[in-house]
Amino acid sequence: MTAAFAVLAMTACSNNNPFLEDWNTPYGIPPFDKIQESHYLPAVQAGIEEQNREIEAIVACPDEPDFENTIAALDRSGSTLEKVSNVLFNISESNATESLNDIVAEATPLLSRHSDNIFMNPELFKRVEKVYKSDQSNLTREQQMLLKDFYESFVNNGIALPEEQQTRLREINEELSSLVLKFGNNLLDESNAFKEKFGFSVANYYDRMASTEDRELREQIFRGYSMRGNNGNDKDNKADVLRIMELRIEKAKLLGYASPAAMILHNKMAGDPATVDNFLSGIMDAAMARAREEVADMQKVMDEDIAAGILPEGSRIEPWDYMYYAERVRKARYAMDESEIMKYFKMENVRAGVFGNASRLYGLKFEPVADVALYYPECEAFKVTDEDGSLVGIIITDYYPRDSKRAGAWMTNFVNQYKTPDGKDVRPVIVNVGNFNKPSDGTPALLNIDQVETMFHEFGHALHGLLSQCTYKSVGGTSVKRDFVELPSQINENWAFEPEVLATYAFHYETGEVIPQELVDKLQAAGNFNQGFTTGELCAASILDMKWHELESIEGVDVNAFEAQASKEMGLIDEIIPRYRSTYFNHIFGSSGYSAGYYSYLWAEVLDKDAFELFRQKGIFDKETAMSFRHNVLEMGGSEEPMILYKRFRGADPDASALLRARGLK
């Protein structure tokens with residue numbers, strides 16, 4: 001322990017560290033008003049020591065290993081560490097400070113070493129293995145899944161490796177944990193620099209590219225956005241990308257896999273890289289066929305500008321023109337002005353619509369929680385109850401951008417759902433984070449179409465966490481296979497622009513008038529507009545992710561050249577770039593955990609579109625169908641194999657063409 005750390009620990013102890021106390025707060029919400037930065041590291045250290053004692057007790061247990069004294073005990077261990085980690089890493093993503101980043105940088109390798117100490121503990125593994133290889137017929141299905149997950153975690157963390165290879169694996173894990181943190185911090189700094197240069201957040205990039213008439217300025221914005229982490233400065237991520245991949249490749253080979261993708265996918269729904277590659281290839285071909293049609297339509301509009309003398313002869317659609325001319329085509333084709341539609345999407349009304357939709361489907365009730373301390377003034381908390389009045393959980397919303405928040409939108413837990421040994425059901429505390437348009441100049445927060453869809457999406461994740469009815473925290477809520485986790489979020493998007501749903505929340509922010517049928521018709525008609533671009537950039541990022549993680553060596557690899565070659569091989573047209581280029585692909589090189597898994601958005605969309613077709617057949621608010629989805633998917637977490645859960649709800653295998661039908665590509 002360093003001298004500085006010792007002083008910090010003494011200070012925190014004398015201040016009654018809230019992470020080391022029971023939280024006697026409303027609904028178990030973390031006591032944000034009492035948590036200080038000085039509390040984090042001492043609590044991390046105390047949590048590690050506490051879990052070490054719990055692990056030692058499991059190993060020292062004189063009784064024959066069984067589920068309760070080994071697997072359930074392992075699942076229950078580490079409660080203090082879980083408390084502090086859930087708060088620390090959530091806050092570091094949404095309300096970071098330089099000092100908090102330093103704390104995370106110090107805590108991350110500690111946690112990496114601690115995890116390795118658990119999953120490379122041979123005596124602990126002997127007990128887990130003994131239970132795994134014994135008769136499991138007396139276990140519930142949830143218990144069997146938890147046992148399987150723990151056993152595979154030991155195997156996948158190198159428990160069978162010789163000691164010297166385990167030592168090397170520990171070194172790899174620790175360095176990787178620091179590198180992904182550095183990648184994310186660099187990206188945050190680069191995104192803030194973009195905002196300082198252009199005067200708006202990266203969250204508003206697509207809107208600005210669609211509305212900026214000055215072509216030269218559009219190109220500058222495009223290059224500023226698409227070159228983040230790729231500028232040769234001290235925030236350049238190229239060397240970190242290569243080092244991350246070098247370490248991931250070495251780790252995969254240590255564990256007996258040809259590539260990181262093979263290692264990551266072996267226990268996912270897809271199973272192997274070839275399955276993912278084939279899946280994405282079919283989508284990419286359909287998307288690019290449509291994209292070429294879109295470019296031709298846009299070129300006709302650009303040609304009009306050339307004829308008018310606005311642009312020089314020979315001008316062609318470039319990546320910085322796509323959104324601008326696509327919006328011009330959309331306005332001409334559908335007479336739809338998104339700035340007019342946004343007036344019906346006041347944030348508070350949309351959120352009420354999101355809540356109301358869940359009420360109609362699943363019988364939930366929402367009410368604001370007043371007089372409770374939250375981690376930022378713009379946050380709001382809501383109590384969620386079931387039809388019988390029982391507590392479902394708490395959801396906190398944090399929707400506006402700030403320099404201390406990373407870009408994007410996400411859902412996480414401050415408190416996980418599980419049941420205590422005495423039967424108490426601990427209900428979750430969930431947070432939905434976004435970067436939506438803020439109120440300005442007396443105008444309330446008005447969301448664009450994508451932001452409305454995103455709010456529905458992230459709340460779908462929240463429902464997955466809120467409605468969890470699992471016994472063990474390690475399989476509860478969103479603790480499912482990566483290529484299944486997007487199903488609850490993506491299916492929830494389907495209700496966003498249904499006329500019956502729009503009528504409940506789309507009110508003009510000035511007049512209170514409900515959105516007129518004319519605009520609803522335009523929204524419906526334009527629903528699949530620009531799907532070549534939208535699907536193509538998403539699929540391109542998914543393929544780029546796979547290309548990186550299918551590498552078996554990085555010898556001679558140049559990040560920009562590799563990306564260019566990957567784009568060529570996948571058939572990406574020159575007018576489109578991947579949704580995330582390598583140096584700002586936080587999903588796969590940062591801490592988001594989507595390495596060799598970004599395809600899961602499209603994979604889960606097959607499930608969600610196929611599932612929503614059943615709602616279409618039965619009625620989008622059919623109670624029996626909704627409750628079947630709740631009971632078979634949303635409540636089950638990872639307590640059963642994903643495809644079994646899906647088929648229980650759907651009654652059949654998913655139809656792979658449902659995605660292309662829904663996007664209008666087939």
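Of the possible donor and acceptor atoms, none in the side chain of Ser92 sits under 3.5 Å from a partner among the backbone N and O of Ala96. Under the 3.5 Å distance criterion, the side-chain polar atoms of Thr275 are left unmatched by any main-chain donor or acceptor of Gly271. Looking at Asn157, its side chain does come within 3.5 Å of a backbone N or O of Ser153 through a donor-acceptor pair. In this structure, Glu453 contributes its side chain and Ile449 its backbone to no donor-acceptor pair below 3.5 Å. Using modelled atom types, one side-chain atom of Tyr646 and one backbone atom of Ala611 make a donor-acceptor pair closer than 3.5 Å. Checking side-chain atoms of Thr70 against main-chain N and O of Phe67 turns up no donor-acceptor pair under 3.5 Å. In terms of modelled atom types and a separation under 3.5 Å, the side chain of Asn435 and the main chain of Gly408 share a donor-acceptor contact. Side chain of Ser595 to backbone of Ile588: a donor-acceptor contact under 3.5 angstrom is found. Panel note: side chain Ser639, backbone Met636; a donor-acceptor pair is recorded below 3.5 Å. In this structure, the side chain of Asp655 does not engage the main chain of Asp610 through any donor-acceptor pair within 3.5 Å.
A donor atom on one side chain and an acceptor atom on the other are not found under 3.5 Å apart for Asp545 and Ser542. For the 3.5 Å distance criterion, the side chains of Gln51 and His114 qualify, holding a donor opposite an acceptor. A side-chain N or O of Tyr472 and one of Gln143 form a donor-acceptor pair less than 3.5 Å apart. When only modelled atom types and interatomic distance are considered, Arg351 and Thr397 share a side-chain donor-acceptor pair under 3.5 Å.
Counting non-hydrogen atoms of neighbouring residues, nucleotides and ligands closer than 6.0 angstrom, the NZ atom of Lys623 exceeds 12 such neighbours. Remark: Glu624 CD is loosely packed, at most 12 non-hydrogen atoms of other residues, nucleotides or ligands lying under 6.0 Å away. Heavy-atom contacts from other residues, nucleotides or ligands closer than 6.0 Å to CG of Asp388 number more than 12. Counting heavy atoms of neighbouring residues, nucleotides and ligands inside a 6.0 Å radius, atom CG of Asn138 exceeds 12 of them.
Ile48 places none of its side-chain heavy atoms less than 4.5 Å from the side chain of Asn117. Within the 4.5 Å cutoff, the side chain of Val431 has no heavy atoms near those of the Met411 side chain. Between Leu81 and Leu111 the shortest side-chain heavy-atom distance falls below 4.5 Å. Looking at Val429 and Tyr27, their side chains never come closer than 4.5 Å, going by heavy atoms from C-beta outward. Between Leu20 and Thr80 there is a side-chain heavy-atom pair separated by less than 4.5 Å.
In terms of heavy-atom proximity, Asp63 sits nearest to Asn69 at CB-ND2, 3.8 Å. Residue Ala462 comes nearest to Ile395 through the heavy atom pair CB-CD1, 3.7 Å, listed as atom of the first residue, atom of the second, then distance. Residues Phe436 and Pro401 share a closest heavy-atom pair of O-CD, 2.9 Å. When all heavy atoms of Tyr601 and His587 are compared, the pair lying nearest together is OH-NE2, 3.5 Å. Nearest heavy atom pair, residue Leu181 against residue Thr108, reads CD2-OG1, 3.8 Å. A pairwise comparison of heavy atoms in Leu100 and Leu88 identifies CD1-CD1, 3.7 Å as the closest pair.
The pair Glu64-Lys130 counts as a salt bridge, with a side-chain nitrogen and a carboxylate oxygen less than 4.0 angstrom apart. Ion pairing of Arg76 with Glu54 is absent here, as no side-chain N (NZ or NE/NH1/NH2) approaches a carboxylate O to less than 4.0 Å. Between Lys405 and Glu378 there is no salt bridge, since none of the side-chain N atoms of the basic residue sits less than 4.0 Å from a carboxylate O of the acidic one. Between Glu123 and Arg127, no side-chain nitrogen of the basic residue sits less than 4.0 Å from a carboxylate oxygen of the acidic one, so the salt-bridge criterion is not met. Remark: Asp386 does not engage Lys365 in a salt bridge, criterion side-chain N to carboxylate O under 4.0 Å.
Here the options are Tyr376, Phe414, Trp23, the test is ring pair (Phe, Tyr, Trp, His ring centres under 6.0 Å), and the partner is Phe32; only Phe414 passes. Among Gln469, Gln417, His464, Arg630, the single residue meeting the side chain to side chain donor-acceptor pair (under 3.5 Å) criterion with Glu635 is Arg630. Screening Val480, Leu634, Asp608 against Leu487 for a side chain to side chain contact (heavy atoms under 4.5 Å, CB included) leaves a single residue, Asp608.
Distance check, rounded to the nearest 0.5 Å: CZ of Arg616 to CG of Asp622 gives 13.5 Å. A distance of 9.0 Å separates CG in Leu447 from OH in Tyr399, rounded to the nearest 0.5 Å. Of the inter-residue distances, the one linking Asn17 atom CG with His39 atom NE2 reads 5.0 Å to the nearest 0.5 angstrom. From Phe615, atom CZ reaches atom CG of Asn494 across 9.5 Å, with rounding to the nearest 0.5 Å.
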For a side-chain contact (heavy atoms from CB on, under 4.5 Å) check, start with the C-alpha distance between Tyr375 and Val87, then their side-chain angles and the critical distance, and finish with the verdict. CA-CA 10 Å; Tyr375 64 87; Val87 175; over 6 Å; no

Residues Asn90, Thr412; criterion side-chain hydrogen bond (donor to acceptor under 3.5 Å, both in side chains); working and verdict: CA-CA 7 Å; Asn90 282 331; Thr412 50; 2.7 Å; yes

Pair Glu613, Lys609 - check salt bridge (Lys or Arg N to Asp or Glu O under 4.0 Å), show working. CA-CA 6 Å; Glu613 287 184 356; Lys609 298 307 181 190; over 6 Å; no

Evaluate Met455 against Met347 for side-chain contact (heavy atoms from CB on, under 4.5 Å), listing each step before the verdict. CA-CA 9 Å; Met455 188 186 288; Met347 185 282 285; 4.0 Å; yes

Tyr151 vs Val131, side-chain contact (heavy atoms from CB on, under 4.5 Å): CA-CA, chis, key distance, verdict: CA-CA 9 Å; Tyr151 178 80; Val131 181; over 6 Å; no

Take Glu21 and Lys34 through the test salt bridge (Lys or Arg N to Asp or Glu O under 4.0 Å) and record every step on the way to the result. CA-CA 11 Å; Glu21 303 171 349; Lys34 296 180 180 178; 6.0 Å; no

Test Tyr257 against His266 for side-chain contact (heavy atoms from CB on, under 4.5 Å), laying out the working first. CA-CA 9 Å; Tyr257 297 95; His266 82 278; 3.4 Å; yes

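Here Ser600 pairs with Arg482, Asp483, Glu486, Tyr594 under the side-chain contact (heavy atoms from CB on, under 4.5 Å) rule; sequence neighbours left out. With sequence neighbours left out, Asp75 forms a side-chain hydrogen bond (donor to acceptor under 3.5 Å, both in side chains) with Ser474.
With ring centers used as reference points, Trp495 lies 6.0 Å or more from Phe456. Aromatic ring centroids of Tyr598 and Phe585 lie under 6.0 Å apart. For Phe629 and Phe612, the ring centers are positioned 6.0 Å apart or more. The distance between the ring centers of Phe125 and Phe119 does not fall below 6.0 angstrom.
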